[in-house]
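To start, the structure under review is shown below, and the notes come after it.
Throughout, a chain's letter reflects where its sequence line sits, starting with A, and its residues are numbered from 1.
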Amino acid sequence: MLLELRRLSFKARGRYILRDLELSLKEGELHALLGANGTGKSTLAYIIMGCEGYRPQGGEIIFAGRRINHLPLHERARLGISLAWQEPARFEGLSIREYLGLGKALSAEQCLGMVGLEPAVYLERPLDRTLSGGQRKRVELAAVLALAPRLALLDEPDSGIDMLSLRDIAKVLRRLKDWGSTVLLITHRKEVARVADRASLLCAGRVVFTGAPPETAWHYTHRGCPLCDGRRCHEA
Amino acid sequence: MRLEAFLAHPALEGLREALQEPPGGHVVAEGHRLLSTRQPKGVKLSARARPQGLWVELELAQGLSLPGPLHLCFALLRPRGLQRVNLRLLAGRTSRATIISHCIFPNPLGIRHLMRAQVLLQEGAELSYEQIHIHGPEGGLVVEPRAQVELQRKACYRADFALLQGRAGRLSIHYVVKAQEEAAAELVARGQARGQDQVCLREEIHLLGKASRGLIKARLALRERAQGLIEGITVGAAPQARGHVDCLEVLAQEAQGRAVPMVEVRHPLARVTHEAALGRLQRAQLEALMARGLSPQEAEEMLIQGILRK
């Protein structure tokens, strides 16, 4: 296993966001994480990445056989973990070329082409408010591609207006898979989850089902949670 | 000190080639010693060195369009000393020029650099004045540039002060621009400070003529225990005068910053606006860069250099 989350718990303002969560990702696996809004999907990505304010109160994060709970964000990045934020930050004065240049696996031009942005138009543009939300998200995906990380955490790359089509997302995922990257694809769209090798369903901070994407998607659509039958049994 | 020996200093690496540019003139001084002057065609250049300071006068002929930048270099290579520079600049009618002023203090332990500039742009003249400061890491310096700028009808003045390398020490800028009818002024100041540095950027534009334009843009990055103050002042005193003040300060560690954008309108048809933002470097921005493998220090540096860019 490349990533193992064991009995992971995270509390914020006295409330459990994740509770005894268990999840394992095999090396090179494309794993979709499905769940309704507020079930803890993004929180889980921030915890794995090591973002400030997201230190789990309990449980273990094992990456490539090593416990990484204590490692700061940039050291986890240097181990090969990277995150594409759902709402990526904007930067004054920093160009797309410089941002993508932080990765060495693929040229900035190639990365932009893969997410449907014309390099001649976008490379020198600043990563500031002049980019639309959709364009900024595409650049975020391109930045992950440029790194070819061992583990890519993609937080809802399909959300928002002007976002990539399912076909484009599948192209990015295929490229990551070709490199041997493991991908945790966070989404609440079952059609996006279908491109994965396996999928897990998150309900009230726990993984309640893991299996083939169509089966997981069926639970997600029809019952919400196979254990609570849509009543969010783990919240109590 | 001879010019060759002076230019051999590692801090002047970027300057060497610039001074060789054939069309551009230059004035090079170390402390109160003039090392070299070159007068380009169409420019009347007078430079005198006295124990009390340097006097430099530049007069751009009417209609002149300088093909390359004119370089001024005021440096103090020794760790202690005083440099006073008195600059008078006259840009004749419809002349066009770029002046790049290099102020270089590589090992400052006790340095004072005092600049007094008087600038007059006659009707339709266009001048870009770039001031590039390169300071050493010690921060033992006082830098006080002062400028009074008069813009006649349709003149256009753009000034850019940049301190992107080294410590600021005690830096106090005060520029005042008076713009007549349809004249335009843009004052940009970009600087960084750390340690116990203290920075004050005070820039004023007085829009005195009809349809005159003014923009003040200040960017300051403060780290460690540095303190910064930006005062951007624009006065709209004529019909259709338009001005804007844009101040941004980013702070890290225990740094403290203040921004005072002051806008004043003395004519009912003038319009002046302002925006100011002060705050810590955003956590989300730092984390986005750290998720690409940069250390916290590298991420901070990259963000700051981005903010200080033109």
Side-chain angles (χ1 to χ4, degrees), chain A residues 42 45-46 48-54 71-105 108 111 124 126-129 136-137 139-140 142-155, chain B residues 132 160-165 188-192 215-223 230 244-253 257 259 275-310:
Chain A
S42 294
Y46 302 153
I48 298 168
M49 191 69 242
C51 295
E52 192 177 273
Y54 289 91
L71 287 184
L73 187 151
H74 68 284
E75 287 185 25
R76 295 186 195 193
R78 287 173 185 176
L79 288 179
I81 303 175
S82 199
L83 168 64
W85 267 263
Q86 188 182 350
E87 286 177 25
R90 290 164 188 276
F91 305 90
E92 188 177 344
L94 189 65
S95 70
I96 290 175
R97 181 193 289 280
E98 288 169 295
Y99 191 57
L100 299 185
L102 296 173
K104 306 290 179 218
C111 296
E124 304 307 330
L127 265 174
D128 59 12
R129 283 173 291 183
R136 180 64 190 89
K137 286 190 78 159
V139 174
E140 192 69 0
V144 170
L145 275 172
L147 288 163
R150 281 188 82 184
L151 173 62
L153 308 166
L154 308 183
D155 192 2
Chain B
I132 301 166
D160 182 11
F161 175 97
L163 167 61
L164 306 179
Q165 275 185 43
V188 178
R190 303 171 287 143
Q192 59 175 348
L215 170 67
I216 292 173
K217 188 172 171 181
R219 298 284 181 267
L220 191 53
L222 303 164
R223 285 184 270 196
I230 297 175
H244 184 66
V245 181
D246 173 7
C247 308
L248 172 66
E249 284 182 58
V250 288
L251 301 100
Q253 293 95 36
E275 58 186 305
L278 278 90
R280 302 273 148 197
L281 287 169
Q282 285 180 30
R283 192 74 219 162
Q285 293 177 322
L286 287 166
E287 288 188 337
L289 296 178
M290 281 151 54
R292 314 290 171 240
L294 296 188
S295 69
Q297 294 76 23
E298 289 167 335
E300 184 181 296
E301 187 62 32
M302 192 168 187
L303 280 179
I304 285 175
Q305 291 306 323
I307 288 162
L308 295 180
R309 220 166 262 170
K310 274 186 196 178

With a 4.5 angstrom heavy-atom cut-off, could you sort out which part of [X] is near chain B: side chain, backbone, both or neither?
X: A:R90; result: backbone
X: A:I81; result: backbone
X: A:L94; result: both

What are the two closest heavy atoms between [X] and [Y], and how far apart are they?
X: A:L147; Y: B:A291; answer: CD1-O, 4.1 Å
X: B:Q192; Y: B:L308; answer: CB-CD1, 3.8 Å
X: B:E287; Y: A:W85; answer: O-CH2, 3.5 Å
X: A:E98; Y: A:S95; answer: OE1-N, 2.9 Å

Side chain / backbone / both / neither for [X] at chain A, heavy atoms under 4.5 Å:
X: B:E298; result: side chain
X: B:L286; result: neither
X: B:R292; result: both

Original post:
How long is the gap from CG on B:L248 to CG on B:L220, to the nearest 0.5 Å?
Top reply: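 So the CG of B:L248 and the CG of B:L220 are separated by 9.0 Å.
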Subject >> B:Q297 and B:E301 side chains, donor-acceptor separation under 3.5 Å >> reply: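 The criterion, which ignores hydrogens and geometry beyond distance, is not satisfied for B:Q297 and B:E301.
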Subject >> Options A:L83, A:V144, A:L127, ranked by heavy-atom pairs under 4.5 Å with chain B, top entry >> reply: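 It is A:L83.
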